[in-house]
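Report on one structure; see the data block that follows.
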Amino acid sequence: MTKENPYLAHRHPTERAILSASTLNSASASSREPLYGFVPRMVNAEQVRQALEHDLNPFTKQPHTAQYKKILEARKKLPVFAQMTEFYKIFNKHQIIVMVGETGSGKTTQIPQFVAYSDLPHTKNKLVACTQPRRVAAMSVAKRVADEMDVQLGRQVGYSIRFEDMTEPGTTFLKYMTDGMLLREAMNDPDLNRYSTIILDEAHERTLATDILMGILKGLAQRRTDLKIIIMSATLDALKFQKYFAVSGDTPAPLFKVPGRTHPVEVFYTQEPEPDYVEAAIRTVLMIHRAEDPGDILLFLTGEEEIEDACRKIKLEADDLLNSDPESVGPLICIPLYSSLPPQQQQRIFDPPPKSSSPDGPPGRKVVISTNIAETSLTIDGIVYVVDPGFSKQKVYNPRIRVESLLVSPISKASAQQRAGRAGRTKPGKCFRLYTEKDFMSELEEQTHPEILRSNLANTVLELVKAGIKDLVKFDYVDAPAPETLMRALELLNYLAALDDGGNLTALGSIMAEFPLDPQLSKILIASPEFKCSNEILTITAMLSVPNVWLRPNNQRKEADAAKALLTVPDGDHLTLLNVYNSYKDNQYDKNWTWNNYLSARALMQADNVREQLKRTMERFEVELISVQDQKKMFLSIRKALCCGFFMQVAHKEGEKGNYMTLKDNQVVALHPSCGLDTQPEWVIFNEFVLTTRPYIRTVTDVQPDWLLENVQFFDLQNWPDSETKRALERSRKKQSGKFASRFEQADVSKQGGGSSKKRRKQG
DNA sequence: GAGCACTGC
């Protein structure tokens, strides 16, 4: 039996106490403990149903409230509730299970509770964790489940996200958290000993963190036979997970499947491919508005510019229609939706559609024009029509030139299905796909490529090494990244001295991993005390890890640029970011000040938040916080400090046309127009390479070649292929050693006595 | 002389 149920071997004394106390109680069932007779991991659905009906809350020992009973009745109607018996049968028997539950099945709220009744984590000081890809989901689901369980949020049921730990150690036994947060925990406790069961929700989204966690958990399941794992996914790609988590290699992990509860959506395709999807989308929206029954429209486009443009055009045409034919066409409002919109404007998607223009006139309609944010992160009720041109911007990583960029690409079938589903949330709907059925069948990929195949993995590799994963190439990935991507990551970490030549974590790398930053940034942060500017580098790293702080409204570009010019430091954009933050602080974090200076208050607040978090980590690892007082010296120190993390992101000026060439891979790039440098320095470091209308480098600072050359391991010039940048570096290295020579010469001269050194200096 | 798909630590 111990073999069947390894969990029993780890029983905690208090649990035995509960069981024996309950056994002694000979009174009627209703006066017994609600969990009377519960044996962990051998609980069945009948027992749980009884416990749920009990007058007492088993976890607080308080009588259940009326609200509890009301919510319980609603819970009983969820599809997943009807299959509780089946769930416990599978869960009791297996260590790892895969669950598929379509939208509306209730899996996210119910399954973790079912698990809690089986694990009884509160009796052994353990937790049940359920991960979510997004913070808002973790928070809102935790709140809902706390209500369902009749407990206060943050006590028995809590959540944990970056910047907010809403749990109570020793009390919380059911925790919703972001997948990134659990990955961080795995870094420092690779056995995840606090948890009795870990549930990975929304696994089909294949976020980088979920993918890495799946790999870690698969290995961990062997070491911790008492740990149970549930992979929850919404679509039918479950077989891939079942095979991945196969027991002893061939028997797929068992599947627990629950139907969803949505309305049917009728799908239409175009007869011919559309040459211009934006134009076709606008036409389709207007066609729906003229000819279809009332109901709101959701149109998917790829980015801010496209969305704002389409909004204007639709509005113009719709106003024309309304003017020419008010009898049959109602008013229409267009609401743009993308992540960089301020939350207040995002809220507009929940506004009701406009009222009809006359008492008996046709009803108004709302059109939401959105990026992919409406595909997963935000749901809008009342959508009946979806218009899907079949494209989205997707991140792609090119390890050869070490560049992540955004490309407009065709979506996957899974994504198209998800979009169509958005039309059936409140009643039957229609989805208009602006591509042919043939293209859908034969051209679209089944699934969107998981993020791990499209990302720079420097950060991830460092986290994995810190979690004790020795061989990253052999690590059991659900989908293995390109070897070249791993090589690039290992190479960067080695140059930054986070990993030694054998790929082992160095003391420096171990601290770097603790910072929620790209490795280049954690490196400069840790190195900054040497340059006596750690307070400043702290600010700069925080500013670099939040969205763009500069606002540039379409109709006030000149004003915005003028405001920016006043804050610009000509030696480099990094110094400008420091200046912006300091000015923000000097102005008491005033929102009016940010508004008047065309700065994003949201991004600055976020930067301040990140800065505090990073500062705490610095204090924890005794990274000293110091500054030099003299501003000129300080700026110089900062520029030098930046070089010890960004020596691989350097560009050299070529000719007089403002062209730059990146080091080692010799890409021709231009300074981004947002760059604030007043001259075109010979050598610059850059924070990012962006590929838009042409290759640009963005957030750029003027540096000296000898600061770069200090990183001798990277600048082993004799092994570099010949190029103009290499020759320029060699020239400056020669000059540098020349300087050393003359210094030695001077020293020798002064040793010999005589006042010639003074003379010499005057001559020079 | 241009941009920020979306998350997350």
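Here the structure is a predicted model, which means the values were calculated and not measured. A note on names: the letters A, B, ... follow the listed sequences, proteins ahead of strands, and every chain is numbered from 1.
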Just to verify, which of A:Thr371, A:Val387, A:Ile307 counts as forming a side chain to side chain contact (heavy atoms under 4.5 Å, CB included) with A:Leu301? A:Ile307

Interatomic distance where [atom1] belongs to [X] and [atom2] belongs to [N] [whole Å]:
X	N	atom1	atom2	answer
A:Leu677	B:dG1	CG	P	16 Å
A:Gln680	B:dG1	CD	P	11 Å
A:Leu200	B:dG8	CG	P	17 Å
A:Asp518	B:dG8	CG	P	16 Å
A:Leu521	B:dC9	CG	C1'	13 Å
A:Glu612	B:dC9	CD	P	18 Å
A:Leu517	B:dG8	CG	P	17 Å

Does the side chain of [X] pick up a donor-acceptor pair with the side chain of [Y] at under 3.5 Å?
X	Y	result
A:Ser415	A:Ser412	no
A:Thr376	A:Gln418	no
A:Glu654	A:Asn659	no
A:Tyr195	A:Glu185	yes

Going by number, which of residues 566-579 of chain A have a non-hydrogen atom under 4.0 Å from DNA chain B? none

Any salt bridge between [X] and [Y], counting N to O under 4.0 Å?
X	Y	result
A:Glu306	A:Lys393	no
A:Asp561	A:Arg557	no
A:Arg184	A:Glu463	yes

In B/S/- notation (B base, S sugar-phosphate only, - none; protein heavy atoms under 4.0 Å), nucleotides 2-7 of chain B written 5' to 3' is BBBBSS

Under the side-chain contact (heavy atoms from CB on, under 4.5 Å) test, residues paired with A:Thr699 that sit two or more places apart: A:Leu544, A:Asp573, A:His574, A:Leu577, A:Asn687

Contact class for A:Ile161 (heavy atom, under 4.0 Å): base, sugar-phosphate, or nothing? sugar-phosphate

Need one value for A:Thr207: base, sugar-phosphate or nothing, where a base atom within 4.0 Å counts as base even if backbone is also close, heavy atoms only. nothing

